[in-house]
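Here is the structure we will look at, set down as structure tokens.
Given the structure is predicted, the values throughout are model-derived calculations rather than measurements.
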Amino acid sequence: MSQARASTRAGISRSLLGRVERGQLATVTIDHLARAARAVGLEAVVKLYPDDVPVRDQGQLALLARFEQRIQPPVRMRREVALPIASDLRAWDARITDGEGTASIEGEARLHDSQAVSRRIALKQRDDPGAGAVILLVSRTGHNRAVVAQHRDALRAQFPMDGAAILAALRNGRVPLASGILLL
């Protein structure tokens, strides 16, 4: 779509739209962003965070804590396990081991794009030979259950083990042998 057409659809000048696109405005209004996004078929989303809460991933940290409560010895868990590539900033949210098997944990407090999560995990598996099985750990909310149910067939090849089997292995002090999705 041309910039002239997009600016007409957005109801803002072409020069303003161009500055919004290039990030050249010191300040931009939410209205202008929403108009520009809508003109090209996108939805603008704004998130607000309390300024006195220093940790924004509290949901994920709580999810990992709930998971850690489920593991039994000899399974041990480490958090934030970096990929073994110099200067690569990616990390698994956690890794568990029982002395024989290993599983890497990727936690999602709220699923937005299951395909993006799947690709991100596949790339980590490709780049980390020690990843072992992967447990996609997801907060048990109505939204997340609906997303997993909607995409379960597509996710099954990458995450074949169901949550009950994962929990059974952990209760028995074993690392699951296959990758799977666990809603907690």
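A salt bridge does not link Asp162 with Arg156: every distance from a Lys NZ or Arg NE/NH1/NH2 to an Asp or Glu carboxylate oxygen is 4.0 Å or more. For Asp127 and Arg90, the salt-bridge test passes: some basic side-chain N is under 4.0 Å from an acidic carboxylate O. Glu108 and Arg120 are joined by a salt bridge, as a carboxylate oxygen and a charged side-chain nitrogen come within less than 4.0 angstrom of each other.
Other residues, nucleotides and ligands place no more than 12 heavy atoms under 6.0 Å from the CD1 atom of Ile30. Environment of CG in Leu25: crowded, with over 12 heavy atoms of neighbouring residues, nucleotides or ligands closer than 6.0 Å. In this structure, Gln24 places its CD atom where more than 12 heavy-atom neighbours from other residues, nucleotides or ligands lie under 6.0 Å away.
Rounded to the nearest 0.5 angstrom, Arg22 CZ and Leu17 CG are separated by 9.0 Å. Atoms CG and NE2, on Leu16 and His32 in that order, are 5.0 Å from each other to the nearest 0.5 Å. Separation of atoms CE (Met77) and CG (Leu170) is listed at 10.5 Å; rounding is to 0.5 Å. Here Glu80 contributes atom CD and Arg95 contributes atom CZ; the two are 12.0 Å apart, rounded to the nearest 0.5 Å. The distance from atom CZ of Phe159 to atom CD of Glu106, rounded to the nearest 0.5 Å, is 8.5 Å. The line from CG of Leu167 to CG of Leu182 is 4.5 Å long, rounded to the nearest 0.5 Å.
A donor-acceptor contact shorter than 3.5 Å is absent between the side chain of Glu43 and the backbone of Ala37. In this structure, His143 contributes its side chain and Arg110 its backbone to no donor-acceptor pair below 3.5 Å. One N or O on the side chain of Thr8 and one on the backbone of Ala4 form a donor-acceptor pair closer than 3.5 Å. Judged by distance alone, with hydrogens and angles left aside, the side-chain atoms of Arg66 form a donor-acceptor pair with the main-chain N or O of Leu184 at under 3.5 Å. At least one donor-acceptor pair under 3.5 Å links the side chain of Ser179 to the backbone N or O of Val134. Listed for the Asp88 side chain is no donor-acceptor partner under 3.5 Å among the backbone atoms of Leu83.
Using a 4.5 Å heavy-atom cutoff, the side chains of Arg79 and Glu68 are in contact. With a 4.5 Å cut-off on side-chain heavy atoms, Ser2 and Ser7 do not count as touching. Proximity of Val148 to Ser114: side-chain heavy atoms (C-beta onward) are nowhere separated by under 4.5 Å. Gln60 places a side-chain heavy atom less than 4.5 Å from the side chain of Asp93. Taking the side chain as every heavy atom from C-beta outward, Ile96 and Arg76 never approach each other to under 4.5 Å. The shortest distance between side-chain heavy atoms of Arg9 and Arg35 does not fall below 4.5 Å. Within the 4.5 Å cutoff, no side-chain heavy atoms of Arg174 are placed close to those of Gln72.
Trp92 and Leu64 fall into different hydrophobic clusters, where Ile, Leu, Val, Met, Phe, Trp and Tyr side chains are chained together by heavy-atom contacts under 4.5 Å. By the criterion of side-chain heavy atoms lying less than 4.5 angstrom apart, applied directly or through intervening Ile, Leu, Val, Met, Phe, Trp or Tyr residues, Phe67 is grouped together with Val175 in one hydrophobic cluster. Criterion: ILVMFWY side-chain heavy atoms under 4.5 Å apart, direct or through other members. Under it, Ile121 and Ile135 are not part of a common hydrophobic cluster.
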For Val81 and Asp128: C-alpha separation, side-chain torsions, deciding distance, then whether side-chain contact (heavy atoms from CB on, under 4.5 Å) applies.
CA-CA 11 Å; Val81 178; Asp128 185 0; 5.6 Å; no

Intermediate values then yes/no, side-chain contact (heavy atoms from CB on, under 4.5 Å), Val138 and Leu111:
CA-CA 8 Å; Val138 180; Leu111 280 174; 4.0 Å; yes

Check the pair Arg145 / Leu183 against side-chain contact (heavy atoms from CB on, under 4.5 Å), numbers first and verdict last.
CA-CA 8 Å; Arg145 285 193 310 266; Leu183 290 156; 4.2 Å; yes

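Gly173 and Pro74 make their closest contact through O-CD, 3.3 Å (heavy atoms, listed as atom of the first residue, atom of the second, distance). In terms of heavy-atom proximity, Ala131 sits nearest to Ser104 at O-OG, 2.8 Å. Here the shortest heavy-atom pairing between Pro176 and Ala133 reads O-CB, 3.9 Å. Minimum heavy-atom separation, Leu63 to Ala109: CD2-N, 4.3 Å. For the pair Pro160 and Arg152, the tightest heavy-atom approach, listed with the atom from each and the gap, is O-NH2, 4.1 Å.
Each of Ile166, Val117, Ile105 was compared with Leu136 under the side-chain contact (heavy atoms from CB on, under 4.5 Å) criterion, and only Val117 meets it.
Other cluster members for Met1: Val40, Leu42, joined by side-chain heavy-atom distances under 4.5 Å among Ile, Leu, Val, Met, Phe, Trp and Tyr.
Checked against side chain to side chain donor-acceptor pair (under 3.5 Å), Arg126 has no partners two or more places apart in sequence or in another chain. In this structure Gln125 satisfies the side chain to side chain donor-acceptor pair (under 3.5 Å) test with no other residue, sequence neighbours excluded. For Thr141, the side chain to side chain donor-acceptor pair (under 3.5 Å) test picks out Asn144, with sequence neighbours left out. Applying the side chain to side chain donor-acceptor pair (under 3.5 Å) rule to Ser13 yields the partners Ser15; only residues at least two apart in sequence or on another chain are considered.
Residue pairs meeting the side-chain hydrogen bond (donor to acceptor under 3.5 Å, both in side chains) criterion with at least one member in residues 163-173: none, sequence neighbours excluded.
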